[in-house]
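Take a look at the structure below.
Every value quoted in this text rests on a predicted model; they were computed, and no experiment measured them.
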Amino acid sequence: MTWHQLLNWGKQHTWLFLVPIVLLFLWCGYVLYQIHLAERTATPRKADVAIVLGAAVWGDRPSPGLRERLDKAYWLYEQGYTPYLLVTGGVGEGTELSEAMVMKQYLTEKGVPQEKILTEDRSTSTYENLRNSLPMLEQHHFETTCIVSHGYHLARALDMAESLEINAYPVAAQTSTLNILYHKTREVLAYTKWKVDRVLLHPPF
């Protein structure tokens, strides 16, 4: 095929290039809408336990973003929305303490009794945060949970909780420290990866 013929073929089959682009934009719009829906419904309600999703720690202290999640969880506890807090997250790269241990230390410093804080300290991802929390939910006979994280993160977390048959609703931590545009862009990719992983975990056949 000559270059001239290739150009003509391309003009006649432009739709072959446009369809994937249109589908990509539609998918991104769908994911952003799911994120918006989760954020819109992320209001406090009573639950047996609040699961606080892990994030980065700086040395032996929570990062500013993680501190925002913990402050929201503390508020839920103080206001009587939940009697227990379940903090999650393992040891990250370049750190010695697990995210869960740093989180527990922060909450106890704020006045939450240690016996009211459960820890899941082996996970390295949001899915593992929730999956590894299941034995504690069963052990303590917790039937209702709320998931505490930043708003952009909650749609994926709720979908994961549903796949694990965890009865959960979202609670959003407000942020003044995170670049939301950056995190929502990353979340579109993370949500897409999760949807692929979910199909692999639970094939529809």
Open item on the list: For a side-chain contact (heavy atoms from CB on, under 4.5 Å) check, start with the C-alpha distance between His153 and Thr126, then their side-chain angles and the critical distance, and finish with the verdict.
Closed with: CA-CA 9 Å; His153 190 200; Thr126 300; 2.9 Å; yes
At what distance, to the nearest 0.5 angstrom, does [atom1] of [X] lie from [atom2] of [Y]?
X      : Y      : atom1 : atom2 : answer
Tyr127 : Asp197 : OH    : CG    : 9.5 Å
Lys46  : Leu76  : NZ    : CG    : 10.5 Å
Ile166 : Glu143 : CD1   : CD    : 14.0 Å
Thr119 : Leu86  : OG1   : CG    : 7.5 Å
Leu137 : Asp48  : CG    : CG    : 9.5 Å
His150 : Thr177 : NE2   : OG1   : 5.5 Å

Tell me whether [X] contacts the main-chain N or O of [Y] through its side chain, where contact means a donor paired with an acceptor under 3.5 Å.
X      : Y      : answer
Thr192 : Val188 : yes
Glu78  : Tyr74  : no
Thr88  : Val52  : yes
Gln174 : Ser176 : no

TODO: Kindly state each residue pair satisfying salt bridge (Lys or Arg N to Asp or Glu O under 4.0 Å) with at least one member in residues 57-69, sequence neighbours excluded.
DONE: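 Pairs touching residues 57-69 that pass the test: Arg61-Glu109.
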Does [atom1] in [X] sit with more than 12 non-hydrogen atoms of other residues, nucleotides or ligands closer than 6.0 Å?
X      : atom1 : value
Trp75  : CH2   : yes
Glu115 : CD    : yes
Lys110 : NZ    : yes
Gln79  : CD    : yes

Using the rule that two of Ile, Leu, Val, Met, Phe, Trp, Tyr join whenever any of their side-chain heavy atoms come within less than 4.5 Å, decide whether [X] and [Y] are in one cluster.
X      : Y      : answer
Leu158 : Val31  : no
Leu118 : Leu134 : yes
Leu37  : Tyr152 : no
Leu66  : Leu85  : yes

For the student: nearest non-hydrogen atoms of [X] and [Y], plus distance:
X      : Y      : result
Ala161 : Ala168 : CB-CB, 4.2 Å
Lys72  : Ala173 : CB-CB, 4.0 Å
Thr144 : Ala47  : OG1-CA, 3.4 Å
Asn132 : Met136 : O-CE, 3.9 Å

Pairs under 3.5 angstrom only: tabulate donor-acceptor contacts from the side chains of residues 97-107 to other protein residues two or more places apart or in another chain.
| unit_1 | atom_1 | unit_2 | atom_2 | d |
| --- | --- | --- | --- | --- |
| Ser98 | OG | Met101 | N | 3.0 |
| Glu99 | OE1 | Ala55 | N | 3.4 |
| Tyr106 | OH | Asp71 | OD1 | 2.6 |

Task: Leu130, Val49, Thr82, Asn167 screened by side chain to side chain contact (heavy atoms under 4.5 Å, CB included) with Thr145, the one that passes - done: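 Exactly one pass, corresponding to Val49.
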Open item on the list: Run Phe142 and Ile51 through side-chain contact (heavy atoms from CB on, under 4.5 Å) and show every step you take.
Closed with: CA-CA 11 Å; Phe142 294 144; Ile51 302 175; over 6 Å; no
- [ ] Take Glu39 and Leu154 through the test side-chain contact (heavy atoms from CB on, under 4.5 Å) and record every step on the way to the result.
- [x] CA-CA 7 Å; Glu39 289 178 311; Leu154 289 170; 5.6 Å; no
Open item on the list: Taking the six-membered ring for Trp, are Tyr191 and Trp194 closer than 6.0 Å centroid to centroid?
Closed with: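 No - the distance between ring centres of Tyr191 and Trp194 does not fall below the 6.0 Å cut-off.
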- [ ] Report the C-alpha distance between Gln34 and Glu187 in whole Å, list the side-chain angles of each, state the deciding distance to 0.1 Å, and finish with yes or no for side-chain contact (heavy atoms from CB on, under 4.5 Å).
- [x] CA-CA 11 Å; Gln34 294 304 309; Glu187 189 61 22; over 6 Å; no
